[in-house]
Amino acid sequence: VYEIENTTIEIYPNPVIDIIRIDIDGPLDYSLQLYDLQGKLKFSGNNLDVIPVSNIESGLYILRLKDLDSANYIVERVVINN
């Protein structure tokens, strides 16, 4: 569980099989990026509450969630097992 600008953010499950869920408790305009460990962008989107990962190969990834208003961000390591 994270907090940006008085908004609580929960990213789960981890490890993930098919969908990463993002629960936002509060107003937040944000972008999401999922990178592999070589820095290659695998997924991006704005204001999503789910990220489909069933077509991404198993491994360790970095999920970055950035508040578009303040430019604050969080980074979560995500393990994909599909």
Side-chain angles (χ1 to χ4, degrees):
V1 177
Y2 299 93
E3 189 171 309
I4 294 179
E5 301 297 317
N6 298 320
T7 300
T8 303
I9 302 158
E10 186 176 2
I11 300 168
Y12 65 95
N14 197 3
V16 60
I17 294 172
D18 55 356
I19 294 175
I20 300 171
R21 299 191 182 281
I22 295 102
D23 286 346
I24 306 289
D25 183 23
L28 191 66
D29 187 22
Y30 62 95
S31 66
L32 294 166
Q33 297 85 33
L34 184 68
Y35 297 94
D36 66 16
L37 293 183
Q38 288 74 41
K40 184 176 178 183
L41 182 64
K42 295 296 197 173
F43 181 88
S44 68
N46 289 345
N47 301 315
L48 301 173
D49 57 357
V50 296
I51 300 173
V53 296
S54 58
N55 62 341
I56 298 174
E57 68 181 62
S58 295
L60 183 61
Y61 293 84
I62 303 297
L63 177 64
R64 181 178 151 191
L65 185 148
K66 179 180 176 185
D67 176 10
L68 296 175
D69 294 327
S70 70
N72 291 330
Y73 63 90
I74 59 170
V75 175
E76 170 87 6
R77 289 181 296 173
V78 176
V79 176
I80 297 176
N81 288 330
N82 42 346

Exercise. Do side-chain atoms of Tyr73 reach the backbone of Ile4 as a donor and acceptor pair under 3.5 angstrom?
Worked result: no
Exercise. Distance from Glu76 atom CD to Ile62 atom CD1, nearest 0.5 Å?
Worked result: 9.0 Å
Exercise. Transitively linked via ILVMFWY side-chain contacts under 4.5 Å: Val75 with Leu60?
Worked result: yes
For this session: Report yes or no: do Leu48 and Tyr2 belong to one cluster of Ile/Leu/Val/Met/Phe/Trp/Tyr joined by side chain heavy-atom distances under 4.5 Å?
Result: yes
Exercise. Among all residues two or more places apart in sequence or in another chain, which pass the side chain to side chain donor-acceptor pair (under 3.5 Å) test with Thr8?
Worked result: none
Problem set entry | Smallest separation among heavy atoms of Leu28 and Leu65, with atom names | CD2-CD2, 4.1 Å
Exercise. Is the number of heavy atoms from other residues, nucleotides or ligands under 6.0 Å of Asn6 CG greater than 12?
Worked result: no
Using residues 34-46 as the side-chain source, report each donor-acceptor pair under 3.5 Å to any protein atom, sequence neighbours left out, with the distance given to one decimal.
| from | atom 1 | to | atom 2 | distance (Å) |
| --- | --- | --- | --- | --- |
| Asp36 | OD1 | Gln38 | N | 3.0 |
| Asp36 | OD1 | Gly39 | N | 3.1 |
| Asp36 | OD1 | Lys40 | N | 2.8 |

Problem set entry | Donor-acceptor contact below 3.5 Å, side chain Asp49 vs main chain Ile22 | no
Problem set entry | More than 12 heavy atoms of other groups within 6.0 Å of Leu68 CG | yes
Exercise. Looking only at heavy atoms, what is the nearest atom pair of Leu63 and Ile20, with distance?
Worked result: CD2-CG2, 4.4 Å
Seminar exercise, completed: With sequence neighbours left out, the residues meeting side chain to side chain donor-acceptor pair (under 3.5 Å) with Gln33 are Ser31
For this session: Could you grab the distance from atom CD1 of Ile19 to atom CD1 of Ile51, nearest 0.5 Å is fine?
Result: 10.5 Å
Problem set entry | Heavy-atom closest contact (Asn47 atom, Tyr30 atom, distance) | OD1-N, 2.8 Å
For this session: Using atom types as modelled and distance alone, determine if a side-chain donor or acceptor of Asn82 lies under 3.5 Å from a backbone N or O of Asp18.
Result: no
Exercise. Between Arg77 and Asn14, what is the shortest heavy-atom contact and its length?
Worked result: O-ND2, 2.7 Å
